[in-house]
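Read through the structure below, which is laid out as structure tokens, and then see the notes.
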Amino acid sequence: MKPIFTLIALAAAVLSAAKAVAADFSPTSFGIVHIPTPASDFEPMSIDLSTDKCAYAPGDAVTFTASQAPYGAKVRYRHGLDIVEQGELTSKTWQWTPPSTDFQGYLAEVYATGADGSEVILGTIAVDVSSDWTMYPRYGFIATFDDTKLTDGVVESEMDYLNRCHINGVQFQDWHWKHHWPLAGTRDNPMDVYTDIANRTVYASVVKKYIDEQHKHGMKAMFYNLAFGALDGAETDYDEDNWSVEETKYLYIDKNHTTRDYHALPSGWKSNIYLTQPGNYFWIEWMKKRNDDVYYNFDFDGYQIDQLGYRGTRYDYWGEEVDLPTNYVTFINGMKEKHPQKRLVMNAVSSYGGDKIVATGKVDFAYNETWDSEKYFLDLRNIIGNNDAASNYGVRTVFASYLNYNRADRGDGYMNTPGVLLTDAVMIAIGGNHLELGDHMLSREYFPASPLKMSDELREAMIRYYDFQTAYEQLLRGSLSTKDEIWETVTSLASETDTKVNNWPPQTGGITVYERATSEGTKIYHLLNFSTADNVEWCDTEAVRPEPREMTSLPIQIACGAGAKKVWTASPDYLGGAPQELAFTSTNDGVSLTVPSLKYLTMIVVEF
């Protein structure tokens, strides 16, 4: 009898091993029968997905890659709640061609169906079909270009992560040689290695490698520079036309041009930055030529223009008071005239000059660097409202908002995940985007500084948050603007004290709702969890914002009016953003329903 028991034990071992075989092996390969693990045995959200690009032109095919392709798994593609297409998952790599409609987001779901008919979402990923990245800007950055980036795979790995987060534009900070002469060397004899303003080493080959890698993923590369900066010795830096940055081009703090305005920098850096008059004709012509040299040598897609906020009263060389916002308009127009095919974005520091900047019609989206004067969540929504009004609803808004600033000063560890996620949740709900992801997570206005790290939890959460804002981009940022806000009553039927509901703006100790309606009549309600928040500031300066309690099976009523046809929900904090249709009961003035989960942000969509 012993041999029989041995055979039984051996067969059991073979069967156990066979169940672990991935499904992309043929069930009868090499004459051996494999029994792969069925997809329904996998845990929810246990499969990682990626796409080859951050966005796709209409008609382009999307290439997906999965970490696993379990036996019996299926894939479907949703636009909102609607299923566009579906099929069997037979390989770790496959292609799908989305509908050709422009400026649409989709969510691909890999899922399994159990014997009882229940579904398990195994993995999700968003797809953006947009011919122009500035329609839904998801902005990132790069700020280090030394030889450590020449190690095989470093640049590729960094850009793979940004691509997974669907970052479609990347700002190159402090890549340049001198503010008044950004290309190191000359147009026909550029330097291969040089130093930036902080005397850090920059390799031109690394800058080019980043650009090439970004272009492979469909990202756009934007070079950074001030609108009006010159370093020591600019008066003797002569170009091919024997021009230099003469004293008549500068800003002065007095009418007698005795003291130039400047931005002080640490003593070990290359120079202070002396400020020029951005609207001066000769300065503009000078920068047109300098930028032309940059574009000749680097395949940048555009220019990220910076400023320094309100400077007080300043004068030109002849003692005339300078209106800086008006000068910015002149500068922007000059840059666009020289390179009409290149993209332009300009910073509005604490909103200074922001209305005039976006009203030019020459910048591709609004970019607001927010500080203490705009430290409340309400300020963020007001910034979008001001940008909407100044541009006639023509631009989207990106926030350069630095979190955990004091912890960054101390340099003691990690970004505070609850602080980051609540701020991002609000920015997404109000239709904005947060500049935060690069070769590290941004916590300072000096982009190369990386005092704080992302935890694995936060790194994964960022993927889900960017999937969410990409998959539902049309509902979040499409035809909508602040003019589409609605203020209907949402009531919690739960007994807990921290489930009280208030309309925008945020309040501590409960749930805040931000509401919008589309021109087609669809209504969108964003539930934001402020139940454990002790303030309504976005900055989480000390990195102490607590994690909110996840609320499950939350009963609510929405006074959305009669005639609701369909109600569904989605959240970046739940099931990878996969939409779920909700049962609801019609009331006299709206609907009553149960929200499955609210951690930071849950979106409810009511279709009529």
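If you're wondering where the values come from, they're calculated on a predicted model, not measured in any experiment.
A distance below 6.0 Å separates the ring centres of F300 and W175. Separation of the F145 and Y203 ring centroids does not fall under the 6.0 Å cut-off. Aromatic rings of F399 and H434 (six-membered ring for Trp) have centroids beyond the 6.0 Å cut-off, not under it. The aromatic ring centroids of Y56 and W96 lie 6.0 Å or more from each other. Side-chain rings of Y472 and W568 approach one another, their centers coming within less than 6.0 Å. Outside the 6.0 Å centre-distance limit, the rings of F141 and Y224 are not counted as a close aromatic pair. Checked against a 6.0 Å centroid threshold, the rings of F223 and F298 do not count as neighbours.
Checking side-chain atoms of T151 against main-chain N and O of T148 turns up a donor-acceptor pair under 3.5 Å. Formation of a donor-acceptor pair under 3.5 Å by the N163 side chain with backbone atoms of C54 is found in this model. For the pair H526 (side chain) and I428 (backbone), a donor-acceptor distance under 3.5 Å is absent. Side chain of N404 to main chain of S443: no donor-acceptor pair is present (N/O by atom type, distance under 3.5 Å, no hydrogens or angles). Panel note: side chain D439, backbone I142; no donor-acceptor pair is recorded below 3.5 Å. Between the side chain of N297 and the backbone N or O of D293 there is at least one donor-acceptor pair closer than 3.5 Å. No donor-acceptor pair closer than 3.5 Å links the side chain of R78 to the backbone N or O of A578. In this structure a side-chain-to-backbone donor-acceptor pair under 3.5 Å is missing from S118 to G114. Side chain of E473 to backbone of G105: a donor-acceptor contact under 3.5 angstrom is found. Of the possible polar contacts, none joining the T134 side chain to the P137 backbone as a donor-acceptor pair under 3.5 Å is found.
L598 CG to I511 CD1: the interatomic distance, rounded to the nearest 0.5 Å, is 5.5 Å. Taken from CD1 in I430 to CG in L380, the straight-line distance is 5.0 Å, to the nearest 0.5 Å. Separating the CG atom in L582 from the OG1 atom in T569 is a distance of 5.5 Å, to the nearest 0.5 Å. Atom CD1 in I305 sits 5.0 Å away from atom CG in L344 (nearest 0.5 Å). Here the CG atom belonging to L476 is positioned 6.0 Å from the CE atom belonging to M603, to the nearest 0.5 angstrom. Here the NE2 atom belonging to H217 is positioned 11.5 Å from the CG atom belonging to D212, to the nearest 0.5 angstrom.
Taking 4.0 Å as the cut-off between side-chain N and carboxylate O, R407 and D540 do not count as a salt-bridged pair. Between K566 and E581, none of the side-chain N atoms (NZ, or NE/NH1/NH2) sits under 4.0 Å from a carboxylate O, so this pair counts as no salt bridge. At a threshold of 4.0 Å, the pair K599-E550 does not count as salt-bridged, since none of the basic side-chain nitrogens sits closer than that to a carboxylate oxygen. Residues R343 and D301 are not paired through a salt bridge, judged by the lack of any N-O separation under 4.0 Å between the basic side chain and the carboxylate. A salt bridge links R76 and E119; the closest N-O separation between the charged side-chain nitrogens and carboxylate oxygens is under 4.0 Å. The pair E460-R464 meets the salt-bridge criterion, with a side-chain N (NZ, NE, NH1 or NH2) lying under 4.0 Å from an Asp/Glu carboxylate O.
Checking each of R138, Q104, Q469, K53 against D128 for a side chain to side chain donor-acceptor pair (under 3.5 Å) leaves exactly one that passes, namely R138.
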Can you list the steps and then say if Y77 with L107 is a side-chain contact (heavy atoms from CB on, under 4.5 Å)? CA-CA 6 Å; Y77 312 94; L107 190 74; over 6 Å; no
Take F447 and L435 through the test side-chain contact (heavy atoms from CB on, under 4.5 Å) and record every step on the way to the result. CA-CA 11 Å; F447 284 26; L435 174 71; 3.7 Å; yes
Please report the C-alpha distance between Y402 and E369 in whole Å, then the side-chain angles of each, then the deciding distance to 0.1 Å, and finally whether the side chain to side chain donor-acceptor pair (under 3.5 Å) criterion is met. CA-CA 9 Å; Y402 314 117; E369 186 178 56; 2.4 Å; yes
Evaluate the side-chain contact (heavy atoms from CB on, under 4.5 Å) criterion for residues N433 and R477: first the C-alpha distance (whole Å), next the side-chain angles of each, then the deciding distance (0.1 Å), finally the verdict. CA-CA 10 Å; N433 172 252; R477 306 169 80 190; 3.6 Å; yes
side-chain contact (heavy atoms from CB on, under 4.5 Å) between Y303 and V345, worked out: CA-CA 7 Å; Y303 175 15; V345 178; over 6 Å; no
Stepwise salt bridge (Lys or Arg N to Asp or Glu O under 4.0 Å) check, D299 with K208: CA-CA 8 Å; D299 193 18; K208 291 178 179 179; over 6 Å; no
Does the side chain to side chain donor-acceptor pair (under 3.5 Å) test come out yes or no for T397 and N387, once each step is laid out? CA-CA 7 Å; T397 298; N387 290 336; 3.0 Å; yes
Starting from the C-alpha separation in whole Å, work towards a yes-or-no answer on side chain to side chain donor-acceptor pair (under 3.5 Å) for N168 and Y139. CA-CA 6 Å; N168 54 12; Y139 213 19; over 6 Å; no
So N291 and H339, side chain to side chain donor-acceptor pair (under 3.5 Å) or not? Walk me through it. CA-CA 9 Å; N291 287 354; H339 298 103; 5.6 Å; no
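A 6.0 Å sphere centred on OH of Y446 holds more than 12 heavy atoms belonging to other residues, nucleotides or ligands. Heavy-atom neighbours of E445 CD from other residues, nucleotides or ligands within 6.0 Å: above the threshold of 12.
Two residues are said to be in side-chain contact when any heavy atoms from C-beta on lie closer than 4.5 Å; V84 and Y106 meet this criterion. Two residues are said to be in side-chain contact when any heavy atoms from C-beta on lie closer than 4.5 Å; T63 and Q95 meet this criterion. For the pair S553/T594, a side-chain contact is recorded, criterion being any heavy-atom separation below 4.5 Å from C-beta on. The shortest distance between side-chain heavy atoms of P418 and Y600 falls below 4.5 Å. Inter-residue side-chain proximity for R545 and V420 is flagged as unmet; no heavy-atom pair is nearer than 4.5 Å. At least one side-chain heavy atom of Y210 sits under 4.5 Å from a side-chain heavy atom of E158. Under the 4.5 Å side-chain criterion, counting only non-hydrogen atoms from C-beta, Y136 is in contact with S130. The closest side-chain heavy-atom distance from T423 to F377 is below 4.5 Å.
Heavy-atom minimum distance, A69 versus L89: CA-CD2, 4.1 Å. A pairwise comparison of heavy atoms in A126 and T51 identifies O-CG2, 4.5 Å as the closest pair. The heavy-atom pair separating A108 from F64 by the smallest distance is CB-CE2, 3.8 Å.
Side chains of T518 and E520: a donor-acceptor N/O pair is present below 3.5 angstrom, by distance only. Side chains of H176 and D196: no donor on one and acceptor on the other come within 3.5 Å. Between the side chains of T370 and N368, no donor-acceptor pair is found at a separation under 3.5 Å. Between the side chains of Q580 and Y574, not a single donor N or O lies within less than 3.5 Å of an accepting N or O.
A cation-pi arrangement is present between R459 and Y161, with the terminal nitrogen or guanidinium carbon under 6.0 Å from the aromatic centre and inside a 45° cone about the axis.
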